[in-house]
Each structure stands twice: as structure tokens, then as C-alpha cells.
Amino acid sequence: MASNQQTRPGIGELAKDSARGRLGVVMGEVGGRVQIRPANGGTEWDAMPDNVVVPSAREELSARLAIRNGNSRDGL
């Protein structure tokens with residue numbers, strides 16, 4: 001495997017559904033589709049495996065900051 005080959009995020013990792021432009025956490029894979037849940041909670045959606053990619057550093061930071069801010073507002 002080439003060292004520059006990008007792999008799809010695994011279960012529990014932050015991922016981007018490039019077809020929808022949404023970020024979330026990979027929850028699993030069923031029937032040839034990847035289930036992704038919004039990072040701050042909510043309803044999962046199905047994504048085609050070829051559309052699930054590692055988010056950019058900026059996208060990941062933004063998502064993690066949004067989660068932290070939400071937890072702060074909720075007193076967590």
C-alpha cells in the first residue's frame with residue numbers, strides 16, 4: 001500500500017460525507033453503506049463508502065470546537 005493512499009475513517013472516527021458535505025462519526029457499515037451520526041448527536045444517515053473521507057484539519061477542528069461549545073452550554 002502506498003504511503004500517500006488515504007484510507008476511509010474507521011468506526012468511532014470523525015468522517016466527512018463528501019456527497020452531502022456533512023461531518024459526523026462513523027457508527028458502522030451495513031449493506032454496503034456507511035452509517036454516520038452527527039458529531040453532536042442526532043439521527044444517523046447512510047453514505048456510500050466512496051464518499052466517506054477523512055475531513056481536513058480545519059473541518060475536524062471546527063467540528064470538535066462545535067461539540068465542545070455545545071457541551072459547555074449544556075453544562076457538561
Side-chain angles (χ1 to χ4, degrees):
M1 179 155 89
S3 62
N4 63 351
Q5 183 175 357
Q6 190 175 33
T7 59
R8 190 170 71 224
I11 294 174
E13 295 181 332
L14 194 62
K16 179 178 181 180
D17 178 353
S18 61
R20 295 182 186 213
R22 295 178 65 188
L23 295 176
V25 177
V26 175
M27 302 306 291
E29 188 170 340
V30 175
R33 296 187 186 250
V34 178
Q35 283 77 47
I36 303 175
R37 176 172 289 162
N40 57 351
T43 304
E44 293 178 8
W45 75 90
D46 290 339
M48 296 302 295
D50 290 343
N51 294 333
V52 179
V53 298
V54 175
S56 70
R58 177 174 280 181
E59 291 168 327
E60 182 173 353
L61 180 61
S62 178
R64 293 190 187 284
L65 183 58
I67 293 166
R68 185 157 219 142
N69 285 342
N71 288 345
S72 177
R73 281 190 299 273
D74 295 338
L76 300 176

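Since this is a predicted model, take the numbers as computed values, not measurements. For the numbers below, each heavy atom of this structure counts, side chains included, while hydrogens, waters and symmetry mates do not.
In this structure, L23 and W45 approach most closely via the heavy-atom pair O-CH2, 3.6 Å. The shortest non-hydrogen separation linking A47 to D17 is CB-OD2, 3.5 Å. For the pair I67 and N40, the tightest heavy-atom approach, listed with the atom from each and the gap, is CG1-N, 4.3 Å. The shortest non-hydrogen separation linking P55 to L14 is CD-O, 3.5 Å. Residues V53 and S18 approach most closely at CG2-CB, 4.5 Å, considering heavy atoms.
Counting only heavy atoms from C-beta outward, the side chains of P9 and V52 approach each other to under 4.5 Å.
Atom CE in M27 sits 4.0 Å away from atom CZ in R37 (nearest 0.5 Å). Interatomic distance, L65 CG to E60 CD, rounded to the nearest 0.5 Å: 12.0 Å. Summarising the geometry, atom NZ belonging to K16 is positioned 11.0 Å from atom CG belonging to N51; distances are rounded to the nearest 0.5 Å. Atom CZ in R64 sits 14.0 Å away from atom CG in N69 (nearest 0.5 Å).
Residues satisfying the salt bridge (charged side-chain N to carboxylate O under 4.0 Å, His left out) test with R68, not counting sequence neighbours, are none. R22 pairs by the salt bridge (charged side-chain N to carboxylate O under 4.0 Å, His left out) definition with nothing, not counting sequence neighbours.
Judged by distance alone, the side chain of R8 and the main-chain N or O of D50 form no donor-acceptor pair under 3.5 Å.
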